[in-house]
Amino acid sequence: MKKSLGDIVLVYTMPVWVIGTYGKDGKPNAMTAAAGMVCCRKPPCLGIALREATYTYHTLMERQAFTVNIASETYAGEADYFGMVTGRMEDKFAATGLTPVRSDLVDAPYIDEFPVVLECKLINSMELGSHTLFIGVIQDVKAEETILGENDLPEIEKVKPLVYDVGNTLYHGVGPLLGKAYSLGKRFKV
Ligand SMILES: Cc1cc2nc3c(=O)[nH]c(=O)nc-3n(C[C@H](O)[C@H](O)[C@H](O)COP(=O)(O)O)c2cc1C
């Protein structure tokens, strides 16, 4: 038996991305966004949905660039804080002690301590209502060497990304490995 919950935005899972931009004063700022998705392989694009009330909405548009910093379990507190206060009022890097690094590819800062960062140029936006969807084309992905596996790609057990439960506003870690994609389903193929 299923119970109707109404037309709420409830999906599993949501990421915990920290969006890096330069403020109007040139200071680095960061805000947390769980409304993030991969949306194209070629060109490599991702989308983030921001409310106009955020400072980042404006700074991102001004510089036409942003970074996506993947928060790991170690930085759950910092990631939460980035989503609680605005860069209009607070210097969030000073408060957390995290290190902003100027990207040499896009006009935005990334967070040195986070294991994976994506540097994006804004290529499109769509106003939807409460949120505007910003599409960024990925210029580069930078990952800590210590989290790379044999194929030179990050291993999720080492990245330890946060997972967001939007319904209950809770952070989780990633669960156990269940199997390989394009392989587990093979037993149903005729
Ligand atoms: C877990 C979490 C997820 C969030 N996701 C979003 C989001 O996807 N879009 C959004 O506009 N705000 C989101 N927020 C709220 C912003 O991060 C918050 O308004 C922040 O203070 C904006 O910072 P800024 O004004 O420095 O840009 C989220 C907050 C948290 C804690």
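When a ligand or atom number is given, it counts from 1 through the structure's own listing order. Atom set for the values below is all heavy atoms of this structure, side chains included, hydrogens, waters and symmetry mates excluded.
Val163 has its side chain out of reach of Tyr12: every pair of non-hydrogen atoms, C-beta onward, lies at least 4.5 Å apart. Side chains of Leu60 and Glu62 form no contact here, defined as non-hydrogen atoms less than 4.5 Å apart. Ile147 places none of its side-chain heavy atoms less than 4.5 Å from the side chain of Lys160. Side-chain atoms of Phe93 and Leu98, non-hydrogen and from C-beta on, do get closer than 4.5 Å to each other. Residues Leu50 and Met61 fail the side-chain proximity criterion, which asks for heavy atoms closer than 4.5 Å. Side-chain atoms of Tyr22 and Asn29, non-hydrogen and from C-beta on, never get closer than 4.5 Å to each other. Side-chain contact between Tyr75 and Val16: absent, with no pair of heavy atoms (C-beta onward) separated by less than 4.5 Å. Pro154 places a side-chain heavy atom less than 4.5 Å from the side chain of Leu148.
Here is the list of ligand 1 atoms found below 4.0 Å of a heavy atom in Tyr55: 24 (P), 25 (O), 26 (O), 27 (O). Residue Val85 has at least one heavy-atom neighbour below 4.0 Å for each of these atoms of ligand 1: 20 (C), 21 (O), 23 (O). Listed by number with element, the atoms of ligand 1 under 4.0 angstrom from any heavy atom of Ala35 are 8 (O). When each atom of ligand 1 is checked for a heavy atom of Gly87 under 4.0 Å away, the hits are 24 (P), 25 (O), 26 (O). For ligand 1, the atoms closer than 4.0 angstrom to any heavy atom of Asn29 are 24 (P), 26 (O), 27 (O). Less than 4.0 angstrom separates some heavy atom of Leu50 from each of these atoms of ligand 1: 11 (O).
Protein heavy atom closest to atom 23 (O) of ligand 1, with residue, atom name and distance, is Lys92 NZ, 3.1 Å. Closest protein heavy atom to atom 27 (O) of ligand 1: Thr56 OG1, 2.5 Å. For atom 25 (O) of ligand 1, the closest non-hydrogen atom of the protein is Thr86 OG1, 2.6 Å. Distance from atom 29 (C) of ligand 1 to its nearest protein heavy atom, with residue and atom name: Gly83 O, 3.7 Å. Among protein heavy atoms, the minimum distance from atom 10 (C) of ligand 1 is reached at Met31 CE, 3.6 Å. Among protein heavy atoms, atom 19 (O) of ligand 1 sits closest to Arg51 NH2, 2.9 Å. Nearest non-hydrogen protein atom to atom 5 (N) of ligand 1 is Ala34 N, 3.0 Å.
Atom CD1 of Ile123 sits in a crowded spot, with more than 12 heavy atoms from other residues, nucleotides or ligands closer than 6.0 Å.
Nearest residue to atom 16 (C) of ligand 1 from Thr59, Thr32, Ile48, Val18 is Thr32 (criterion: closest heavy atom).
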| request: Could you walk me through whether Glu113 and Thr99 pass the side chain to side chain donor-acceptor pair (under 3.5 Å) test, one step at a time? | output: CA-CA 7 Å; Glu113 289 83 356; Thr99 317; 2.6 Å; yes

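Contact analysis leaves Met14 out of contact with ligand 1, as no non-hydrogen atom separation drops below 4.0 angstrom. Residue Tyr171 places a heavy atom less than 4.0 Å from ligand 1.
The part of Tyr164 lying near ligand 1 is the side chain, judged by heavy-atom distances below 4.0 Å. Residue contacts with ligand 1, taken as heavy atom pairs separated by less than 4.0 Å, involve Ala49 solely via the backbone atoms N, CA, C and O.
A donor-acceptor pair under 3.5 Å is absent between the side-chain atoms of Thr67 and the main chain of Glu119, judged by distance alone.
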